[in-house]
Amino acid sequence: MIMKMNQKKIEEKKLIRLNHYLSNAGISSRREADKLIQSGLIEVNGKIVTKFGTVVHKNDVIKFHGSRIKNKKKIYILLNKPKGYITSTRDPFNRKTVMNLIPNFQNYRIYPVGRLDRLTTGVLLLTNDGFITEKLTHPKYKVQKIYLVVLNKTIHYQDLDKIRQGKIYLNEGRVKIDFLHKYAKNIVKIGLHIGWNRVIRRIFKKLTYQVIKLERIHFGGFTNKNLKIGSWCFLSKQEVDHTVKNLFHEKNKHNQWS
């Protein structure tokens with residue numbers, strides 16, 4: 001049942017937009033689902049669909065790369081990532097990925113939410129919930145990440161001020177951070193919402209420092225507190241929904257007063 005209609009009629013007939021269906025099935029985020037649809041990779045009841053806003057029924061036969069998609073139980077796993085693991089579901093060079101730490105979930109198509117480089121440790125969420133993935137990773141939502149950074153030498157106050165005042169420029173542009181605190185002569189905590197590749201390491205490299213240890217301790221309301229390095233635990237859908245809801249409630253409250 002392929003159609004396009006307004007949101008009220010969708011709710012009345014208990015239908016679902018195709019990109020939402022793909023997201024719920026753990027195939028991708030809604031944003032990425034639109035790209036899959038536009039590329040002609042999705043079939044509905046034997047017909048290739050390429051139009052945005054397509055609506056389907058829960059009983060329709062929907063295929064991706066020729067294989068039927070079925071909505072599955074939502075899985076949420078919180079991992080305290082150790083060093084030496086790639087944040088990916090697979091690696092062409094056969095390096096260890098975070099999936100090696102969490103066996104027996106291939107059938108659920110879980111995937112990491114966002115990325116940590118191979119040498120960075122810390123909090124990482126894995127799920128098959130595309131809606132939550134989009135909320136936590138899309139740049140428009142500006143979800144904050146907090147890192148603990150250990151440097152190879154004492155950091156000067158002049159350099160701290162340069163970072164705080166946004167005087168660091170990388171290839172992508174000016175670096176804007178949320179906060180920066182110094183804990184010891186060579187240890188700082190930094191909060192930011194930009195998701196540029198290896199941005200923390202490049203910030204300090206720009207100022208001639210080398211990052212010798214980098215740990216993400218907070219990501220969108222989730223933390224690695226009480227999780228040993230390399231350990232993981234299940235989260236319930238209620239826990240995840242509550243955390244994300246509170247995250248955006250606090251952001252909206254802040255925006256009202258800022």
Side-chain angles (χ1 to χ4, degrees), residues 7 10-11 14-17 19-33 58 69-82 87 89 98-99 101-105 107-116 120-148 177-179 181 189-195 215-258:
Q7 188 62 38
I10 290 174
E11 293 172 356
K14 297 182 179 180
L15 304 174
I16 187 171
R17 294 190 186 277
N19 62 352
H20 194 174
Y21 185 97
L22 297 172
S23 173
N24 284 349
I27 299 299
S28 66
S29 67
R30 289 195 204 181
R31 184 185 184 194
E32 292 299 321
K58 64 180 180 179
I69 300 168
K70 294 184 179 180
N71 281 319
K72 295 185 176 181
K73 177 183 177 182
K74 295 294 182 288
I75 299 292
Y76 306 93
I77 292 176
L78 192 65
L79 168 70
N80 191 355
K81 176 189 172 297
T87 307
T89 55
V98 291
M99 304 308 294
L101 298 167
I102 307 171
N104 303 323
F105 285 94
N107 292 335
Y108 286 94
R109 294 178 182 264
I110 65 169
Y111 48 83
V113 178
R115 289 187 175 274
L116 292 175
T120 301
T121 65
V123 61
L124 182 69
L125 183 69
L126 297 98
T127 186
N128 57 357
D129 189 332
F131 175 76
I132 291 295
T133 298
E134 182 174 21
K135 281 287 188 181
L136 292 175
T137 59
H138 196 292
K140 73 179 180 181
Y141 295 117
K142 298 183 178 180
V143 171
Q144 187 183 72
K145 284 83 67 175
I146 301 176
Y147 295 85
L148 195 64
I177 68 165
D178 300 330
F179 68 84
H181 300 316
K189 183 164 76 170
I190 184 170
L192 72 175
H193 60 261
I194 54 177
E215 178 186 10
R216 185 164 70 185
I217 58 176
H218 195 281
F219 172 46
F222 299 97
T223 175
N224 59 349
K225 185 179 180 180
N226 301 325
L227 263 184
K228 293 182 180 179
I229 192 74
S231 299
W232 57 272
C233 67
F234 287 112
L235 299 176
S236 69
K237 179 170 174 53
Q238 290 74 20
E239 286 178 297
V240 173
D241 287 346
H242 180 72
T243 299
V244 173
K245 182 179 179 180
N246 282 348
L247 169 68
F248 286 97
H249 174 73
E250 288 300 318
K251 285 173 67 66
N252 291 335
K253 184 169 68 174
H254 172 75
N255 291 337
Q256 289 175 0
W257 292 97
S258 59

N/O donor-acceptor pair under 3.5 Å between [X] side chain and [Y] backbone:
X	Y	value
Thr223	His218	no
Lys81	Thr120	yes
Asn19	Ala33	no

Nearest 0.5 Å please: distance from the [atom1] atom of [X] over to the [atom2] atom of [Y].
X	Y	atom1	atom2	result
Ile77	Leu235	CD1	CG	9.0 Å
Tyr147	Thr121	OH	OG1	10.5 Å
Leu101	Leu79	CG	CG	5.5 Å
Tyr21	Leu15	OH	CG	12.5 Å
Trp232	Leu124	CH2	CG	13.5 Å
Ile190	Leu148	CD1	CG	11.5 Å

Smallest separation among heavy atoms of [X] and [Y], with atom names:
X	Y	value
Gln144	Phe179	NE2-CE2, 3.9 Å
Leu126	Met99	CD2-SD, 3.7 Å
Val113	Phe219	O-CE2, 3.8 Å

Could I get the full list of ring-ring contact (aromatic ring centres under 6.0 Å, His included) partners for Phe131, not counting sequence neighbours? none
What residues, two or more places apart in sequence or in another chain, satisfy side chain to side chain donor-acceptor pair (under 3.5 Å) together with [X]?
X	result
Tyr76	Asp129
Thr87	none
His193	Asp178

Kindly indicate whether the side chain of [X], heavy atoms from C-beta on, has any atom under 4.5 Å from the side chain of [Y].
X	Y	value
Val98	Leu116	no
Phe248	Val143	yes
Val240	Lys74	no

Going through the distances and angles, do Thr133 and Tyr111 end up as a side-chain contact (heavy atoms from CB on, under 4.5 Å)? CA-CA 9 Å; Thr133 298; Tyr111 48 83; 3.3 Å; yes
Salt-bridge criterion met for Asp241 and Lys245 (N-O under 4.0 Å):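 So Asp241 does not pair with Lys245 through a salt bridge.
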Identify, with sequence neighbours excluded, every residue that meets side-chain contact (heavy atoms from CB on, under 4.5 Å) alongside Asn80.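 Counting only residues at least two positions away or on another chain, Asn80 forms a side-chain contact (heavy atoms from CB on, under 4.5 Å) with Asn224, Leu227, Ile229.
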All side-chain contact (heavy atoms from CB on, under 4.5 Å) counterparts of His242, not counting sequence neighbours: Asn246
Holding to salt bridge (Lys or Arg N to Asp or Glu O under 4.0 Å), I want the full list of residues that pass it with Glu32, two or more places apart in sequence or in another chain. Lys35
